[in-house]
Amino acid sequence: MLSSTISMYKKDKEFYKRLFIIAMPIALQNLITSSLNMLDTMMIGKVGELELASVGIANQYYFLFSLLTNAIAIGSGVLIAQLWGKKDNSSIKAVLSRSLFYNLCLTAIFMVIGLSIPGKIMSLFNNDPAVVQIGVDYLKIVVISYLFTAITFTFASGLRSIENTQLPMWASLVGLIVNGVLNAILIFGLLGIPKMGIRGAALATLIARIVEFLIVVCYVYTKIGILKLKIKNIFELPKSLSSTLSKVTLPIFANEACWALGTITYAAIYARIGTSAAASIQICTTVMNLFMILTFGLANAAVVIIGNEIGANREDNAIKASKKISSLSIKISILLGILLALLAKPIVGFFNVSLEVKMSSQYILYIYAFMMIFKVYTAIMIVGILRGGGDAIYGSVLQAVTLWMVGIPLAAFAAFILKLPVYFVVAFAAVEEIIKVVLIVKRFKSFKWIKNMVRDVDTCPNTL
């Protein structure tokens, strides 16, 4: 009995060690990315409010691009995780190459539009001629970086799925340093370089993205043969595997597009309440994103671990792993909720805003703290366990339905019919997360989310 308990303890310890080895670099990469965005905002803010507004609007275009290209990369990553468990290395290469091809096609569309009609893109968000012109100057340069970003996204997703999460993290860290140094030099004209202002910020971003791209791709092509792609690999994907890739990727792609539109709609509702409400939401969203970094690291790790086990035909192990991750997500969510509640007042105190905005922000953060247990759990279940299990459709449909039939209608009702303060509107919208948890728990316990997508698909010819 004692030996059995000790053995179980060792297995649990090994499992959690593996989970965090995969999760922490992803979480750190997300933190680095958030820091990069904050660094850009702070430095451009030193130039002027007009420039800051212009870059913020121009980056809405990048926001949409990054969501959609990352969705394609994630779709291939889910399938690669199962193929990695199956040890089908040749198919991994074919899947990754097809995903890269799709992303390059999508990137070409975004780049052509961004280079040919940047003024019209800017005017969709703001009609001020000065803001539009500054944004155009920025967008024309930064849109070139989309090519390198798409390639990096795709390879980074493949790397995570074969349990190499450190390379994308280090590449992002180097990119952060390069971007920060070049921002200072090019924006403000240091070291004898002419002062470039907003164009300098765009050029710094472009160079940083190229550096990230070179680090990832050069390492892959010199050290990781499994992901070393050739043009011919695009055409080696069997029809059955190509169909499976589409079935995984399309729901995730649709989900990200739906979520982006929903985020914009929520922002519009809060903005209609008033400027103070919009400012409070901006503060609280930034804080919440930081608190969710670990969550998405664990979710991505869950995709890899669950996918590996199912691909290796070890469904029982996948179920055991999913239960451990599910239990861990609840414990982490409670800790994060308590931490956010304790820090809400001090965090709000850092911002130089009106007393009204501070009070609203503090109340919203208390609501977020209470909702943390629901939000963390659903994120890890949908983005991690369900996707890793091959059940991308259920999570995508659930998120779309609760967003557009529960969250947004309730927020609009609270804001425009009841005319409640913004923190009450946030509380109404939060009902969406509670309903999601109920349905997710039911789906999880049914184990219908376990779908071995690679068991019966044709294997690619060995090209390693």
Side-chain angles (χ1 to χ4, degrees), residues 19 22-23 26-27 30 67-68 70-79 81-82 157 160-161 247-263 266 288-289 291-307 309-310 318-319 321-330 332-333 336 368 371-408 429-451 453:
L19 178 68
I22 298 172
I26 299 173
N30 289 336
L67 277 179
L68 298 182
N70 207 29
I72 293 174
I74 290 170
S76 67
V78 170
L79 191 53
Q82 291 201 9
S157 182
R160 293 188 194 106
S161 295
K247 288 178 182 178
V248 175
T249 302
L250 287 176
I252 297 174
F253 187 88
N255 179 70
E256 295 301 303
C258 180
W259 181 81
L261 185 58
T263 300
Y266 270 131
M288 189 63 170
N289 288 341
F291 271 76
M292 290 295 288
I293 283 173
L294 177 59
T295 298
F296 287 107
L298 287 171
N300 280 277
V303 169
V304 176
I305 291 174
I306 302 297
E309 296 296 341
I310 292 175
I319 291 172
S322 68
K323 288 180 178 179
K324 291 176 182 177
I325 295 171
S326 174
S327 175
L328 180 65
S329 71
I330 295 173
I332 289 176
S333 67
L336 288 174
Y368 282 173
M371 294 306 301
M372 190 71 76
I373 185 170
F374 304 102
K375 194 171 184 66
V376 170
Y377 182 80
T378 55
I380 290 178
M381 293 300 294
I382 293 173
V383 178
I385 292 175
L386 264 62
R387 284 185 184 176
D391 190 19
I393 294 177
Y394 184 87
S396 298
V397 171
L398 177 62
Q399 290 202 104
V401 170
T402 54
L403 174 66
W404 290 101
M405 296 185 69
V406 180
I408 288 175
V431 174
E432 168 197 348
E433 296 292 340
I434 298 173
I435 293 174
K436 245 192 303 196
V437 164
V438 174
L439 297 174
I440 279 292
V441 169
K442 185 177 180 181
R443 182 68 171 183
F444 177 62
K445 288 182 176 180
S446 73
F447 299 120
K448 292 179 180 179
W449 50 270
I450 299 178
K451 302 177 187 293
M453 301 177 292

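Values below: all heavy atoms of this structure, side chains included; hydrogens, waters and symmetry mates excluded.
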For residues 379-399, tabulate all N or O donor-acceptor pairs below 3.5 Å that involve a side-chain atom, not counting sequence neighbours.
from, atom 1, to, atom 2, distance (Å)
D391, OD1, R443, NH2, 3.4
D391, OD2, R443, NE, 3.0
D391, OD2, R443, NH2, 3.0
Y394, OH, L439, O, 3.3
S396, OG, P251, O, 2.9
S396, OG, A392, O, 2.9
Q399, NE2, N255, OD1, 3.0

Nearest heavy-atom neighbours spanning T249 and G75:
OG1-CA, 3.6 Å
For S157, which residues count as a side-chain hydrogen bond (donor to acceptor under 3.5 Å, both in side chains) partner, sequence neighbours excluded?
none
Contacts of K323 that satisfy side-chain contact (heavy atoms from CB on, under 4.5 Å) - sequence neighbours left out:
I319, F444, F447
Roughly how far, to the nearest 0.5 Å, is the CZ atom of F296 from the CG atom of N289?
8.5 Å
Once side-chain hydrogen bond (donor to acceptor under 3.5 Å, both in side chains) is applied, do any residues pair with T378, and if so which ones, sequence neighbours excluded?
E433
Are the side chain of S326 and the backbone of S322 linked by a donor-acceptor contact shorter than 3.5 Å?
no
In Å and rounded to the nearest 0.5 Å, what is the CD to CE distance from E432 to M405?
12.5 Å
Decide side-chain contact (heavy atoms from CB on, under 4.5 Å) for W404 and L261; before the verdict, give the C-alpha distance in whole Å, the side-chain angles of both, and the deciding distance to 0.1 Å.
CA-CA 10 Å; W404 290 101; L261 185 58; 3.8 Å; yes
If you take all heavy atoms of K451 and Q82, which pair is closest and at what distance?
O-NE2, 3.3 Å
Partners meeting side-chain contact (heavy atoms from CB on, under 4.5 Å) with I22 (sequence neighbours left out)
R18, I26, E163, T165, A301, V304, I305
Quick check for you: to the nearest 0.5 Å, what is the distance between M371 atom CE and S333 atom OG?
11.0 Å
Rounded at 0.5 Å granularity, tell me how far OG1 in T295 sits from CG in L298.
6.5 Å
Step through the shown structure and confirm whether more than 12 heavy atoms of other residues, nucleotides or ligands are within 6.0 Å of NZ on K375.
no
A400: which residues meet the side-chain contact (heavy atoms from CB on, under 4.5 Å) condition with it, sequence neighbours left out?
C258
Could you check if a side-chain atom of L403 sits within less than 4.5 angstrom of a side-chain atom of Y266, using non-hydrogen atoms only?
yes
Just verifying a value: how many Å separate I310 CD1 and W449 CH2, rounded to the nearest 0.5 Å?
5.5 Å
Identify the heavy atoms of S161 and G77 that sit nearest to each other, and give their distance.
OG-O, 2.6 Å
Distance-minimising heavy-atom pair for I72 and F253
CG1-CD1, 3.9 Å
Nearest 0.5 Å, what's the CD1-CZ distance between I74 and R160?
8.0 Å
